[in-house]
Amino acid sequence: MAWNEPGNNGNDKDPWNNKGGRDQGPPDLDEVFRKFSNKLGGLFGGKKSGNNSGGGLGGAGISFILIIAAIVWALSGIYTVKEAERGVVLQFGKYDRIAEPGLRWKMTFIETVIPVDIEAVRSLSASGFMLTEDENVVSVEFEVQYRVIDPYLYKFSVTNADNSLEEALDSALRYVVGHAKMDQVLTNGREVVRQNTWDELNKIIEPYNLGLIVTDVNFKDSRPPTEVKDAFDDAIAAQEDEERFIREAEAYAREIEPRARGQVTRMTQEAEGYQERITLEAQGEVARFEKLLPEYQAAKEVTRERLYIDAMEEVLGSSSKVIVDVKGGNNMMYLPLDKIMEKQGTATRVALPSSSDIQDLRNKVNTSRNSTVNSGNDRFNSDRFNNNGR
């Protein structure tokens, strides 16, 4: 049954412990806090105060609260520094020390820790239209990669180390591009511009002690203004064609040179072999003549006839046609050996001797015959003279 239903006794209490009920409002807040203080004081050993007297905590209660607060404060100072980080510890806003990786403790509300990642590779870029040495405008885009090596300098040497590095990069890039020609920036001098920008950037940031180290500088893009882009594209294509032709010519030279050297070596060896062969053949001819001379002096007729036969054998040995001159007659016998050999299944074909060759052969035969006759007459006359003289 509800506390305020009809029929309830007037002595029933309402939710605020007021008797009677309807005409009374909620209790006073001061009274509520006073009762709570009395109960808390009794809990920690203090005396309960009367209804009209103020309550408070005893000494033991205050000590307990302070101990709890000290424990909470101590636990709140525990923090962790990651392996890739270093913690910059500030004490009342002033630099105090560097916290190494691991589980660390700081005094809460007194010390502040700023973690700094010293292993991550960071990057920033600089770009814009820049004027070259030959008074041309190019659009250049650069990117720099760097790491933090000193957390203290990185945080407190300048107001913003990253911003300072970006401005230094823009200044170095404009200086280098301003001392280079447009063709160098757009085509074959990009690596030189990149290296010069790196060196100039290190010179600029060195006095500021930013606590940074530049690990790499990348030449991302360079292009002429849109109005002259087509002309520069043609120029770049022509330069690429020139380089391609040069590489092809060098490759052709590398291919031809060994072949030519091989031909020279082969021709040299052939010439040396020919020289040696001719020399040996000449020496052989001389040796043969020296051996033949005594034989010829001893028997001239026989030796001459033998030489004639050997010469005719060498001349006619390779011919498949044989012409036989019948002694004492005007007819000549012709033996077509090639036809005979073809009938036997041999495919040997040799050209017929010409009329001039046949006439020369006849003259040689007649000359040899006349020399033989004259030699016989000389021998006969010599013998007759010797007999007469005898």
Side-chain angles (χ1 to χ4, degrees), residues 251-390:
Y252 177 76
R254 288 192 297 268
E255 179 184 358
I256 293 299
E257 184 178 1
R259 186 184 305 172
R261 292 183 182 276
Q263 293 178 354
V264 169
T265 303
R266 180 175 57 82
M267 295 176 64
T268 302
Q269 293 176 352
E270 290 178 353
E272 292 175 352
Y274 176 77
Q275 177 184 3
E276 185 177 359
R277 181 174 61 83
I278 294 299
T279 302
L280 294 177
E281 289 180 355
Q283 293 175 354
E285 292 292 334
V286 171
R288 188 173 64 86
F289 179 78
E290 290 178 350
K291 291 183 179 181
L292 184 62
L293 182 59
E295 301 295 333
Y296 179 78
Q297 292 175 350
K300 296 182 179 180
E301 181 66 22
V302 176
T303 305
R304 187 184 296 114
E305 186 71 19
R306 181 63 183 172
L307 291 175
Y308 170 75
I309 294 173
D310 292 341
M312 294 304 297
E313 182 180 0
E314 183 178 357
V315 171
L316 301 176
S318 60
S319 177
S320 61
K321 307 292 190 301
V322 177
I323 301 175
V324 180
D325 188 7
V326 180
K327 185 176 182 179
N330 294 327
N331 296 327
M332 298 182 65
M333 184 181 296
Y334 168 69
L335 298 177
L337 297 180
D338 53 345
K339 300 296 183 181
I340 297 173
M341 295 174 66
E342 285 180 0
K343 291 181 180 180
Q344 295 177 355
T346 305
T348 304
R349 293 182 178 271
V350 181
L352 292 174
S354 62
S355 59
S356 60
D357 294 337
I358 296 174
Q359 186 63 35
D360 291 341
L361 183 60
R362 287 178 178 178
N363 293 334
K364 288 181 180 180
V365 172
N366 293 331
T367 301
S368 176
R369 183 181 300 172
N370 293 333
S371 63
T372 303
V373 173
N374 293 333
S375 176
N377 292 333
D378 292 341
R379 182 181 300 175
F380 175 77
N381 292 331
S382 177
D383 293 340
R384 186 176 60 178
F385 175 76
N386 291 334
N387 291 332
N388 292 334
R390 186 181 301 172

Enquirer: To the nearest 0.5 Å, what is the distance between CG (Leu293) and CZ (Arg288)?
Expert: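 Atom-to-atom, Leu293:CG and Arg288:CZ are 12.0 Å apart.
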Enquirer: Nearest 0.5 Å, what's the OH-CD distance between Tyr296 and Glu301?
Expert: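 If I round to the nearest 0.5 Å, the distance is 9.0 Å.
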Enquirer: Between Glu295 and Lys291, is the closest basic N to carboxylate O distance under 4.0 Å?
Expert: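 Looking at Glu295 together with Lys291, the answer is no, because their closest N to O distance does not fall below 4.0 Å.
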Enquirer: Which distance, rounded to the nearest 0.5 Å, do you find between the CD1 of Ile309 and the CZ of Arg304?
Expert: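 Between Ile309 CD1 and Arg304 CZ, I get 13.0 Å after rounding to 0.5 Å.
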Enquirer: Please examine the side chains of Arg306 and Thr303, heavy atoms only from C-beta on, and report whether any two atoms are closer than 4.5 Å.
Expert: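 Heavy-atom side-chain distance check fails, nothing below 4.5 Å.
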Enquirer: Nearest 0.5 Å, what's the CD-CD distance between Glu270 and Gln263?
Expert: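 Result: 10.5 Å between the selected atoms.
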Enquirer: Working to the nearest 0.5 Å, report the span between CZ of Arg261 and OG1 of Thr268.
Expert: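 Separation between the atoms: 12.0 Å.
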Enquirer: CD of Gln283 to CD1 of Ile278: how many Å apart, nearest 0.5 Å?
Expert: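 Between atom CD of Gln283 and atom CD1 of Ile278 there are 11.5 Å.
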Enquirer: Looking only at heavy atoms, which two atoms of Ala253 and Pro258 are closest? And how far apart?
Expert: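 Heavy atoms only, the tightest pair is O-CD, 4.3 Å.
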Enquirer: Give a yes or no on this: more than 12 heavy atoms of other residues, nucleotides or ligands lie within 6.0 Å of atom CD of Glu281.
Expert: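 Yes, enclosed.
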